[in-house]
Amino acid sequence: EEIQAQIIRNINNQAKAGPLNRLFASLSNLIQPTSIPPEKMASYIAQTTHDDILHFSEHWRKEIGLEVLAYGDYTEWESRSLADQLSSQIFKEGKPYQAPAKTIASIAGFGQLHYQMENEHQDSAAAIYYQSQVSSPKQMALYSLVNQLISAPFFYELRTKRQFGYSVGTGYMPLASYPGLLFYVQ
């Protein structure tokens, strides 16, 4: 119960965060339809019983999806070897299952979409998100590089020259493996 209360408190505090953080979270929930909005998650957590947790703890490892990311100067052989070692340990108790495909809401063909949210904070914010229609390593690289190229001029123009907001920037924001660019001002 104490842990439940702490998690719910953290979720509720997110709702009181600044408008920019709330915009980022809302964007993520809008584009990734399988994600759970914080207020719904708080409700689910509040309804979870001790028996639910005991039942879950007995069964959660019976079917496991494993996705391994090796980062650094690993060779392909070392990466595969590490993945094999992990899977041999993890699958001692359970059997593998294929994780469901990640889904993303496409905004292609809609032109500009506007989304407004309630704001009880003294500050306001605006964000613009450009979504790639293709999920590929090349698109990810291009979006990431473009973000690096436009970040400084965007900041200079809006924050330094025009003095819009105190938090101004751009960001490479992939959602469900689809690259995107985010422009924001608070």
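Between Y172 and M140 there is a side-chain heavy-atom pair separated by less than 4.5 Å. Proximity of T170 to L182: side-chain heavy atoms (C-beta onward) are nowhere separated by under 4.5 Å. A heavy-atom distance below 4.5 Å is not found between the side chains of T160 and V168. When side chains are defined from C-beta on, I150 counts as touching F183, because their heavy atoms get closer than 4.5 Å. Here the side chains of R159 and F164 are not in contact, with every heavy-atom distance at 4.5 Å or above.
Of all non-hydrogen atoms in K161 and E157, the two that sit nearest each other are CB-O, 3.4 Å. Of all heavy-atom pairs spanning G171 and N147, the tightest one is N-OD1, 3.2 Å. The shortest heavy-atom contact between S177 and S135 is O-OG, 2.7 Å. Shortest non-hydrogen contact noted between S132 and Q139 is OG-NE2, 3.1 Å.
Under the 4.5 Å side-chain heavy-atom criterion for ILVMFWY residues, no single connected hydrophobic cluster contains both L142 and L149. One hydrophobic cluster holds both I45 and I36 under the rule that ILVMFWY side chains link at heavy-atom gaps under 4.5 Å. When hydrophobic clusters are built by joining Ile, Leu, Val, Met, Phe, Trp and Tyr residues whose side-chain heavy atoms come closer than 4.5 Å, directly or via intermediates, V185 is not grouped with Y156. Residues Y130 and F155 are members of one and the same hydrophobic cluster, defined by side-chain heavy-atom contacts under 4.5 angstrom among Ile, Leu, Val, Met, Phe, Trp and Tyr. Placement of I128 and Y143 within a single hydrophobic cluster is found when ILVMFWY residues are connected by side-chain heavy-atom separations under 4.5 Å, directly or transitively.
Taking OG of S81 as the reference point, atom OH of Y74 lies at 11.0 Å (rounded to 0.5 Å). For the atom pair CG of L69 and CG of L82, the computed distance is 10.5 Å after rounding to the nearest 0.5 Å. Distance check, rounded to the nearest 0.5 Å: OH of Y178 to OG of S136 gives 10.0 Å. Here the straight-line distance linking atom CE of M41 with atom CD1 of I7 works out to 9.5 Å at 0.5 Å rounding. To the nearest 0.5 angstrom, F154 atom CZ is 11.0 Å from L181 atom CG. Note that the OH atom of Y129 and the CE atom of M173 stand 6.0 Å from one another [nearest 0.5 Å].
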**Study point:** CA sep, side-chain torsions, deciding dist, call: Q133, Q131, side chain to side chain contact (heavy atoms under 4.5 Å, CB included)
**Key:** CA-CA 6 Å; Q133 299 309 301; Q131 177 190 55; 3.6 Å; yes
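The closest side-chain donor-acceptor pair between T49 and D52 falls under 3.5 angstrom. Defined by atom type and a distance below 3.5 Å, a donor-acceptor pair is present between the side-chain atoms of Q47 and S43.
In this structure, the side chain of Q186 does not engage the main chain of Y184 through any donor-acceptor pair within 3.5 Å.
The environment of E76 atom CD is sparse: at most 12 non-hydrogen atoms of other residues, nucleotides or ligands sit within 6.0 angstrom. Counting heavy atoms of neighbouring residues, nucleotides and ligands inside a 6.0 Å radius, atom CG of L54 exceeds 12 of them.
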